[in-house]
2 protein chains.
Amino acid sequence: MEPLLLDRLLQIGELFEKDMSRAFEGTSLSTARVHLLWVLQDAGPSTQQTLARLCGVSPRNITGLVDALEASGHVRRTPHPTDRRAVLVELTEMSTTYMAQMRREHSDLDTELLDAVAPADREAVQRGVAAIANRLGELVADARGGTS
Amino acid sequence: MEPLLLDRLLQIGELFEKDMSRAFEGTSLSTARVHLLWVLQDAGPSTQQTLARLCGVSPRNITGLVDALEASGHVRRTPHPTDRRAVLVELTEMSTTYMAQMRREHSDLDTELLDAVAPADREAVQRGVAAIANRLGELVADARGGTS
DNA sequence: TATTGTTATACTCTATAACTATA
DNA sequence: TATAGTTATAGAGTATAACAATA
């Protein structure tokens with residue numbers, strides 16, 4: 001019996017996690033920390049409150065992640081120019097380079113995965129996966145809305 | 001600019017995680033614990049060593065998960081019939097019922113997601129996603145093999 | 001001597017609540 | 001009074017290493 005589409009998608013999620021954990025082991029990085037770097041690369045220098053919102057975690061958690069990333073030289077805390085309560089977190093030069101490399105690898109992986117799909121199926125897969133992501137997003141939002 | 005296929009797949013993984021966390025909040029369950037229940041449902045009564053292998057975590061970790069699931073009445077430890085060092089972990093009746101229900105919901109979700117895909121694209125999506133899962137599995141295995 | 005499970009210890013990610021400094 | 005960030009505390013998931021009982 002064939003595995004369900006859902007099982008394939010769950011399997012893909014697990015493989016991504018495994019791949020990332022493996023890639024970061026032996027370094028000071030982790031998926032949570034790299035996620036923060038990724039957000040910083042998109043958003044530019046940000047307050048920790050902003051990062052908490054963008055990452056979907058508590059402000060306290062951001063303190064810990066930034067502490068670790070600052071200790072390893074990946075980010076820098078600088079004073080906020082107008083609000084003396086706040087700090088701006090920004091990527092260091094090292095991290096900027098590192099994240100550019102990561103974006104390249106990300107793009108390469110996308111190409112590699114698309115290459116695994118039969119050429120005649122590629123457009124359908126892109127449409128279909130986008131449709132699945134949207135539907136799933138609606139379901140999760142509905143469940144959340146219905147509960148609260 | 002359109003999101004990459006890879007980004008859609010990562011997004012789907014995050015949505016699954018969010019959905020499961022939400023489903024289990026307020027209960028004694030978690031994704032790690034339910035994963036163990038799922039494995040037990042497939043494998044039947046098993047030693048903790050076996051569960052550690054099947055879940056891909058350390059034996060010590062299984063001790064903790066089984067402790068929690070035993071306390072909440074989801075699993076039972078019984079003596080191994082021939083090896084007095086080992087225990088067999090098995091689902092309770094409550095858990096068996098619960099997991100059957102979960103399997104039904106799993107199947108319903110599969111149907112729902114497939115329904116989100118245009119009928120003409122469905123076969124291509126099933127083939128394509130399977131191909132992507134396989135390719136990704138190879139890549140992760142290669143990386144692991146190349147490292148060790 | 002090898003294996004099963006547990007105790008001991010530690011680290012990361014996560015959360016809430018109380019507190020300090022500022023707005 | 002409200003906001004930004006930190007300290008304090010807690011819990012889950014994960015790991016390795018040392019140890020007991022048994023094979």
Side-chain angles (χ1 to χ4, degrees), chain A residues 14 17-18 20-40 43 45-72 74-90, chain B residues 13-14 17-18 20-40 45-72 74-90:
Chain A
E14 282 171 24
E17 277 184 31
K18 198 170 298 185
M20 286 189 286
S21 306
R22 194 193 43 67
F24 300 142
E25 89 187 5
T27 75
S28 66
L29 292 176
S30 64
T31 53
R33 290 173 193 177
V34 169
H35 182 220
L36 181 47
L37 293 181
W38 199 274
V39 165
L40 269 174
S46 310
T47 65
Q48 296 189 183
Q49 291 289 333
T50 302
L51 295 174
R53 252 189 300 106
L54 293 174
C55 291
V57 300
S58 68
R60 174 60 185 93
N61 200 348
I62 296 293
T63 296
L65 294 172
V66 171
D67 283 351
L69 288 168
E70 197 174 36
S72 58
H74 287 93
V75 304
R76 196 186 295 124
R77 280 182 168 105
T78 60
H80 191 287
T82 66
D83 186 340
R84 287 200 300 174
R85 292 170 307 181
V87 297
L88 286 180
V89 182
E90 61 185 19
Chain B
E14 282 171 24
E17 277 184 32
K18 197 169 300 185
M20 285 188 285
S21 307
R22 194 193 43 66
F24 300 143
E25 89 187 3
T27 76
S28 66
L29 293 175
S30 64
T31 54
R33 292 176 191 176
V34 169
H35 183 219
L36 181 49
L37 294 181
W38 199 273
V39 165
L40 270 174
S46 310
T47 66
Q48 295 190 182
Q49 291 289 334
T50 302
L51 294 174
R53 252 188 302 105
L54 293 174
C55 291
V57 301
S58 68
R60 174 61 184 91
N61 200 349
I62 296 294
T63 297
L65 294 172
V66 172
D67 282 351
L69 288 167
E70 197 174 35
S72 58
H74 288 93
V75 304
R76 194 185 296 123
R77 281 181 169 104
T78 60
H80 191 286
T82 66
D83 187 340
R84 286 199 301 173
R85 294 170 306 180
V87 299
L88 286 179
V89 181
E90 62 185 21

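Convention: sequence-line order gives letters A, B, ...; per-chain numbering from 1.
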Quick one: side chain to side chain contact (heavy atoms under 4.5 Å, CB included) partners of A:Ala32, sequence neighbours excluded? A:Ser30, A:Leu65
Once salt bridge (charged side-chain N to carboxylate O under 4.0 Å, His left out) is applied, do any residues pair with B:Arg77, and if so which ones, sequence neighbours excluded? B:Asp67, B:Glu70
Is it true that a side-chain atom of A:Arg33 and a backbone atom of A:Leu69 form a donor plus acceptor pair closer than 3.5 Å? no
With DNA chain C as reference, determine whether B:Ile62 or A:Leu29 sits nearer its 5' end, using the nearest nucleotide of each. B:Ile62
Provide the start and end nucleotides, 5' to 3', of the part of DNA chain D that has atoms under 4.0 Å from heavy atoms of chain B. D:dA12 to D:dA23
Just jot down the side-chain hydrogen bond (donor to acceptor under 3.5 Å, both in side chains) partners of B:Ser72, sequence neighbours excluded, or say none. B:His74
Any residue of residues 31-39 of chain B with a heavy atom less than 4.0 Å from an atom of DNA chain C: none
Kindly write out the residues that satisfy side-chain hydrogen bond (donor to acceptor under 3.5 Å, both in side chains) with B:Arg76, not counting sequence neighbours, or none if the list is empty. B:Glu90, B:Glu93
Once side-chain hydrogen bond (donor to acceptor under 3.5 Å, both in side chains) is applied, do any residues pair with B:Thr31, and if so which ones, sequence neighbours excluded? none
Just to verify, what does A:Thr82 make a side chain to side chain contact (heavy atoms under 4.5 Å, CB included) with, not counting sequence neighbours? A:His80
I'd like a list of close polar pairs between nucleotides 1-5 of chain C and the protein, N/O only, cut-off under 3.5 Å.
from, atom 1, to, atom 2, distance (Å)
C:dT3, O4', B:Arg85, NH1, 3.3
C:dT3, O2, B:Arg85, NH1, 2.6
C:dG5, OP1, B:Gln48, N, 3.3
C:dG5, OP1, B:Val87, N, 3.0
C:dG5, OP1, B:Val87, O, 3.3
C:dG5, OP2, B:Gln48, N, 3.3
C:dG5, OP2, B:Gln49, N, 2.8

Contact under 4.0 Å: A:Asn61 side-chain N or O vs C:dC13 OP1/OP2: no
Measure the distance from CZ on A:Arg84 to C1' on C:dT20 and round it to the nearest whole Å. 14 Å
Identify every side-chain donor-acceptor pair in residues 52-62 of chain B under 3.5 Å, counting partners at least two apart or on other chains, and give the distances.
from, atom 1, to, atom 2, distance (Å)
B:Ser58, OG, B:Asn61, N, 3.2

With sequence neighbours excluded, what pairs up with A:Thr47 under the side-chain hydrogen bond (donor to acceptor under 3.5 Å, both in side chains) test? A:Thr50
